[in-house]
Asks: 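Input: one structure, supplied below.
Below, chains carry the letters A, B, ... as their sequence lines are ordered, and counting in each starts from 1.
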Amino acid sequence: MSDHDPLLAVESVSKRYGDERVLNDVSFTMDRGDVTVMMGPSGSGKSTLLRCVNRLTDVDSGEIRLGDHRVTDPGIDVDALRRDVGMVFQDINLFTHLTALKNVTLGLREVRGFSKDDAREAATEQLERVGLGDQLDSYPGELSGGQKQRVGIARALAMEPDLLLFDEPTSALDPELVGEVTAVMADLAAGGMTMLVVTHEKGFAREAATDALFLDAGSIAERGPPAQLFENPENERTAEFLDRVSTVSGEP
Amino acid sequence: MSETGATRTTADTGRVVSGSLGRWLTIAGGVLFWGWLLARWLNNWLLPAGVGVPPGESFLDPAAVAPISDSLAFAVEYLPQLADAAWLTVVLTVVSIALGFVLAVPVSVARVYGTYSSTVSLAFTELIRGTPLLAQLFVLYYALNLSTLFRGLPDGGVLPSAVVYVAIIGFTINSVAYQAEYIRSALLSVDREQLTAARAIGLSQRQGIRHVVLPQALRFAIPGWSNELVYLIKYSSLAAFITVPELFNVARSIAADNFAYTGIFALVAVLYLGLVISASKLMAGVERRVAIPGLGSTTSQ
Ligand SMILES: Nc1ncnc2c1ncn2[C@@H]1O[C@H](COP(=O)(O)OP(=O)(O)OP(=O)(O)O)[C@@H](O)[C@H]1O
Ligand SMILES: [Mg+2]
């Protein structure tokens with residue numbers, strides 16, 4: 001494909017929990033600036049794959065590299081790796097006891113060693129970037145789901161990661177709040193951020209993704225540009241699944 | 001619409017008035033109780049000799065209130081000695097719960113997140129919670145003869161004597177075990193994904209526990225902690241059995257002299273009650289003060 005090293009390389013990754021093969025010989029690469037969406041039925045291993053990339057989960061076999069990090073080497077410094085990969089969660093998982101601002105400054109202070117003032121300034125900037133400059137001192141309990149998820153994005157962005165992972169960032173949100181989050185994500189994509197996004201938002205995928213993957217039972221069943229994958233899926237399972245998602249989200 | 005609005009306003013006003021009356025009574029009672037206790041302690045230890053009244057003697061002359069009521073005269077006569085003894089009860093409780101807290105945090109963290117240290121922590125808490133507090137005090141005092149360690153220290157008056165240090169050690173060890181249990185279950189009730197989120201931005205496990213899990217867990221632990229404080233106030237009376245002259249011990253010896261067991265222990269009960277109510281009010285205040293919107297309510301994000 002290309003003659004340079006990709007930013008992310010996933011090679012023949014397999015993972016099982018007990019007898020269940022959750023990931024089965026998964027390989028793909030992403031270049032800097034790529035926005036890859038990953039779709040697939042519940043239980044197909046999407047979250048597991050993301051968690052392998054920032055080593056919240058260990059692979060059984062195969063190899064993952066991210067820039068200079070040999071992610072799957074047992075001896076690597078996982079904290080250093082995680083400084084370079086951000087993650088946005090389905091359940092958002094904001095630090096419940098901290099204000100929006102403090103959610104963002106914590107990593108800046110403790111991981112990146114910013115001074116108090118620098119951290120405050122950088123965090124404010126990130127929160128303004130996701131449209132929450134007026135909610136700096138709100139606690140998560142005082143924010144709407146969409147606002148919380150945008151804080152979650154700002155928290156990940158503040159670490160200036162090379163790659164941002166999104167695990168169904170909008171599926172816990174009320175439908176009317178999805179748009180404000182996908183808009184922020186589309187902005188990031190347009191700004192050149194490298195993103196690996198598990199989502200069933202076809203609108204976002206069409207608009208912002210360079211690439212779509214369809215994961216089925218732990219294997220990549222199909223990969224291609226989003227438009228092609230959605231319009232003319234080659235794989236029968238892909239077609240069936242996309243049909244179902246469309247019915248749910250009311251898309252044609 | 002306007003009618004129901006008016007009714008509700010009246011009802012609310014009624015509740016507000018009776019609520020604030022109760023609050024004022026509580027505050028007045030608290031000020032009276034603590035004002036008097038602090039005045040006693042100041043009088044005993046901080047005023048130069050010759051100023052104020054001698055320790056153990058009341059500010060009022062019991063004979064002067066005798067015409068009003070005999071019980072009142074009895075209270076005026078004996079409360080001062082009991083107030084002086086309550087000082088040690090407060091010292092034992094406050095010092096032990098504070099030291100116990102400082103130690104209980106690492107013990108509970110070890111229990112939840114440690115491997116080898118988890119077993120040690122479990123063994124310690126089970127041993128301490130599984131044996132009587134009085135037996136623990138006896139081991140420290142009689143078997144290990146710990147008070148000899150503190151012989152050289154100055155004592156008397158505001159400073160506690162050697163045996164008080166032994167009691168503090170005993171209560172602290174005991175309190176570590178109980179507080180560690182409260183904090184342990186609080187740690188477990190923090191959503192696991194909070195630590196995952198901390199790790200995902202590059203915090204180490206230790207940083208994640210310190211900055212994310214503990215601040216939430218300690219808030220969850222406050223009700224248990226209030227319980228422990230109330231228990232400790234009452235259990236501090238066991239120090240009497242290793243000769244500490246705290247509230248219960250002093251009451252017992254006064255009663256042995258004058259045989260007025262009912263009267264003396266009624267006064268003692270009032271003092272303990274005052275301490276316990278103060279402790280609960282204080283902890284409720286702390287809980288309110290550190291409360292965070294949305295944290296601890298059942299509907300989290
Ligand atoms: N920690 C774990 N222990 C045991 N089994 C697990 C664990 N995590 C995931 N699994 C199993 O692995 C399979 C894949 O899970 P995963 O969460 O990766 O799926 P997913 O594609 O993200 O699904 P969903 O769309 O429901 O989020 C599931 O069958 C799940 O039960
Ligand atoms: Mg998932």
Asks: Side chains of B:T196 and A:L56: does their closest heavy-atom pair fall under 4.5 Å?
Replies: yes
Asks: Most heavy-atom pairs under 4.5 angstrom with chain B, which of A:V78, A:L106, A:N54, A:L143?
Replies: A:L106
Asks: Who in residues 202-209 of chain B is close to chain A, using a strict under-4.5 Å heavy-atom cut-off?
Replies: B:G202, B:L203, B:S204, B:Q207
Asks: Near A:D68 CG, under 6.0 Å, is it more than 12 heavy atoms from other residues, nucleotides or ligands?
Replies: no
Asks: Could you state the interatomic distance from NE2 (A:H97) to CG (B:L295), rounded to the nearest 0.5 Å?
Replies: 8.5 Å
Asks: Listed by chain and number, what are the salt bridge (Lys or Arg N to Asp or Glu O under 4.0 Å) partners of A:E11, not counting sequence neighbours?
Replies: A:R65
Asks: Keeping the roles fixed (side chain from B:E193, backbone from A:L94), state whether a donor-acceptor pair exists under 3.5 Å.
Replies: no
Asks: My understanding is that only residues two or more places apart in sequence, or in another chain, count here; which of them pass salt bridge (Lys or Arg N to Asp or Glu O under 4.0 Å) with A:R16?
Replies: none
Asks: Considering all heavy atoms of both residues, which atom of A:F89 and which atom of B:A200 are nearest to each other, and what is their separation?
Replies: CZ-CB, 3.8 Å
Asks: Listed by chain and number, what are the side chain to side chain contact (heavy atoms under 4.5 Å, CB included) partners of A:V59, not counting sequence neighbours?
Replies: A:V13, A:C52, A:I64, A:T72
Asks: Has B:K234 got more than 12 heavy atoms of other residues, nucleotides or ligands less than 6.0 Å from its NZ?
Replies: yes
Asks: Between B:Q216 and A:T96, does the side-chain contact (heavy atoms from CB on, under 4.5 Å) criterion hold? Intermediate values first, please.
Replies: CA-CA 8 Å; B:Q216 299 184 33; A:T96 332; 3.7 Å; yes
Asks: Quick check for you: to the nearest 0.5 Å, what is the distance between B:H211 atom NE2 and A:R109 atom CZ?
Replies: 9.0 Å
Asks: Assess the residue pair A:M87 and B:I201 against the criterion (side-chain contact (heavy atoms from CB on, under 4.5 Å)); give the C-alpha distance rounded to whole Å, side-chain angles, the decisive distance to 0.1 Å, and a yes or no.
Replies: CA-CA 8 Å; A:M87 186 155 194; B:I201 55 171; over 6 Å; no
Asks: Flag yes if more than 12 heavy atoms outside B:Y235 fall under 6.0 Å of its OH atom; otherwise flag no.
Replies: no
Asks: Go through the atoms of A:V85 and report whether side chain, backbone, both or neither lie under 4.5 Å from a heavy atom of chain B.
Replies: backbone
Asks: Tell me whether A:E121 at atom CD has more than 12 heavy atoms from other residues, nucleotides or ligands lying less than 6.0 Å away.
Replies: no
Asks: Please look at A:R112 and chain B and tell me whether the side chain, the backbone, both or neither of the residue comes under 4.5 angstrom of a heavy atom of that chain.
Replies: neither
Asks: Is it true that atom OH of B:Y231 has more than 12 heavy atoms of other residues, nucleotides or ligands lying nearer than 6.0 Å?
Replies: no
